[in-house]
Amino acid sequence: MLVPDRMAKLWQRVKAGQMSPEDCVREQEVLLEPYRIQWEKALLCDGETELRNSLLKEVRAYYHASDLTEIDRSCNLAVDTLKSEWKTTVDPRQRSSIESFYETKTHIYDLINWHTLRDDSGPLAYVVALQIARAHSVRSCLDFGSGVGSGGLLFCRADIDTTLADISTTLLDFARWRFDLRRLPARFVDLKDTPLPESSFDMILAMDVFEHLVDPVEVVQQLWRAMKPGGLLFARIHAAIDPSHPQHIVEDFGATFTKMEELGLVERWRDRALWGHVLFQKCGSSI
């Protein structure tokens, strides 16, 4: 049983007065520990034993920097820096302005900081996705809006044919460098000039990307075309006003979910206890 499902049952016990919230949280940490170990094994560079230090060293090496403390500081300040960059450089009425925003290297700092798991266990949802992929014998996976490619590293190390796609050349270049560093094979698609191949993927990951999209309905159609019949879409599609993240520009996904229903993307599973991801399947023959 997946950890989110086990946690849903435990929280039901809390509501029934059969378990204290504190004991439930402690059990959650125990259950997530194997996920943390798997995540760290996928991301650690050779010879490294501590995840955050390893990730910071990667960024330092990529930018040919000397001061690891300054890289750490840039990662810690990334949320505030991105907020400032959005306010000073982006015209929300212009698609090109929004897309150009994602070329700043601050996004690398922000994503790396998140993937260290120091403040948020959310990246472990990638491990849930990998467990689902294995259960469905997935052989080809697209990490859409892949950012720095950490989820792709997890899938590639599991011997799943992995493709990363993003509108940001900056993020894709860094992801490509990371894969080369580990001598792992992957394909990379710069969506500014190359469309996704049709009917190509058993599974698509869209992790915390939809709230950033200028036209999520258009993207859903692109992903649907890229999926094989019976293919899976693992995504968190959630709208919430967040003053610290003005780049979260979508406040209503009603039209997006309507289009998904029209296309025949059927909900197969939902995380009701931890991070809120949903698994959809494209109608057609199974994988």
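We use all heavy atoms of the structure for the numbers below, so side chains are in, but hydrogens, waters and symmetry mates are not. Not measured: the values here are computed from a predicted model.
We find the OG1-OH distance between Thr169 and Tyr102 to be 14.5 Å, quoted to the nearest 0.5 Å. Between the OG atom of Ser66 and the CD1 atom of Ile71 there is a distance of 9.0 Å, given to the nearest 0.5 Å. Ile108 CD1 to Asn113 CG: the interatomic distance, rounded to the nearest 0.5 Å, is 13.5 Å. From Lys87, atom NZ reaches atom OG1 of Thr89 across 12.5 Å, with rounding to the nearest 0.5 Å. Between the CE atom of Met227 and the CG atom of Asp202 there is a distance of 9.5 Å, given to the nearest 0.5 Å. Considering CZ of Arg139 and NZ of Lys228, their distance stands at 10.0 Å, rounded to 0.5 Å.
In Glu48, the CD atom is crowded: over 12 heavy atoms of neighbouring residues, nucleotides or ligands sit closer than 6.0 Å. More than 12 heavy-atom neighbours from other residues, nucleotides or ligands sit within 6.0 angstrom of NZ on Lys192. Remark: Arg176 CZ is packed, more than 12 non-hydrogen atoms of other residues, nucleotides or ligands lying under 6.0 Å away. The environment of NE2 in His238 is sparse: at most 12 heavy-atom neighbours from other residues, nucleotides or ligands sit within 6.0 Å.
Counting heavy atoms from C-beta on, the side chains of Asp271 and Val278 never come closer than 4.5 Å. At least one side-chain heavy atom of Val220 sits less than 4.5 Å from a side-chain heavy atom of Leu263. Two residues are said to be in side-chain contact when any heavy atoms from C-beta on lie closer than 4.5 Å; Tyr109 and Thr81 fail this criterion. Side-chain contact check for Met207 versus Arg236: every heavy-atom pair is 4.5 Å or farther apart. At a threshold of 4.5 Å between non-hydrogen side-chain atoms, the residues Val266 and Cys283 count as touching. In this structure, Tyr126 and Asp143 have side chains that are in contact, with non-hydrogen atoms separated by less than 4.5 Å. A heavy-atom distance below 4.5 Å is not found between the side chains of Leu223 and Lys282. Inter-residue side-chain proximity for Asp161 and Arg187 is flagged as met; some heavy-atom pair is nearer than 4.5 Å.
Side-chain contact annotation: Asp242 with Ser244, donor-acceptor N/O pair under 3.5 Å present. Thr69 and Asp72 form no side-chain donor-acceptor contact under 3.5 Å, judged by distance and modelled atom types alone. Inspection of the Ser121 and Arg36 side chains reveals no N or O donor paired with an N or O acceptor under 3.5 Å.
Of all non-hydrogen atoms in Leu164 and Phe179, the two that sit nearest each other are CD1-CZ, 3.7 Å. Scanning both residues, Cys141 and Leu205, for their nearest heavy atoms gives SG-CG, 3.7 Å. Closest heavy-atom contact between Val209 and Gly145: CG2-CA, 4.1 Å. Scanning both residues, Val138 and Ile160, for their nearest heavy atoms gives O-CG1, 3.8 Å.
In this pair, His277 and Trp275 present their aromatic rings perpendicular. The plane angle is above 60°, beyond the 30 to 60° band. In this structure, His248 and His245 have parallel ring planes: the angle between them is below the 30° cut-off, well short of the 60° mark.
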Problem set entry | Worked verdict on Thr106 versus Thr104 for side-chain hydrogen bond (donor to acceptor under 3.5 Å, both in side chains) | CA-CA 5 Å; Thr106 309; Thr104 173; 3.2 Å; yes
Exercise. Step by step, would you call Lys259 with Glu262 a salt bridge (Lys or Arg N to Asp or Glu O under 4.0 Å)?
Worked result: CA-CA 5 Å; Lys259 177 55 67 175; Glu262 291 173 355; 3.1 Å; yes
What do the steps show when you test Asp5 against Trp269 for side-chain hydrogen bond (donor to acceptor under 3.5 Å, both in side chains), and what is the final call? CA-CA 10 Å; Asp5 293 332; Trp269 177 84; 3.1 Å; yes
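Judged by distance alone, with hydrogens and angles left aside, the side-chain atoms of Thr162 form no donor-acceptor pair with the main-chain N or O of Ala186 at under 3.5 Å. The backbone N or O of Gly230 sits less than 3.5 Å from a side-chain atom of Gln281, completing a donor-acceptor pair. Side-chain atoms of Arg157 come within 3.5 Å of backbone atoms of Ala42 as a donor-acceptor pair (strictly under, hydrogens ignored). A donor-acceptor pair is defined here as one N or O able to donate and one able to accept, closer than 3.5 Å; no such pair exists between the side chain of Glu198 and the backbone of Arg225.
A salt bridge links Arg95 with Glu218; the closest basic N to acidic carboxylate O contact falls under 4.0 Å.
Between Trp39 and His115, the ring center distance clears the sub-6.0 Å criterion.
Seen from the ring of Tyr63, Lys105 counts as a face-on cation partner, given the 6.0 Å and 45° thresholds.
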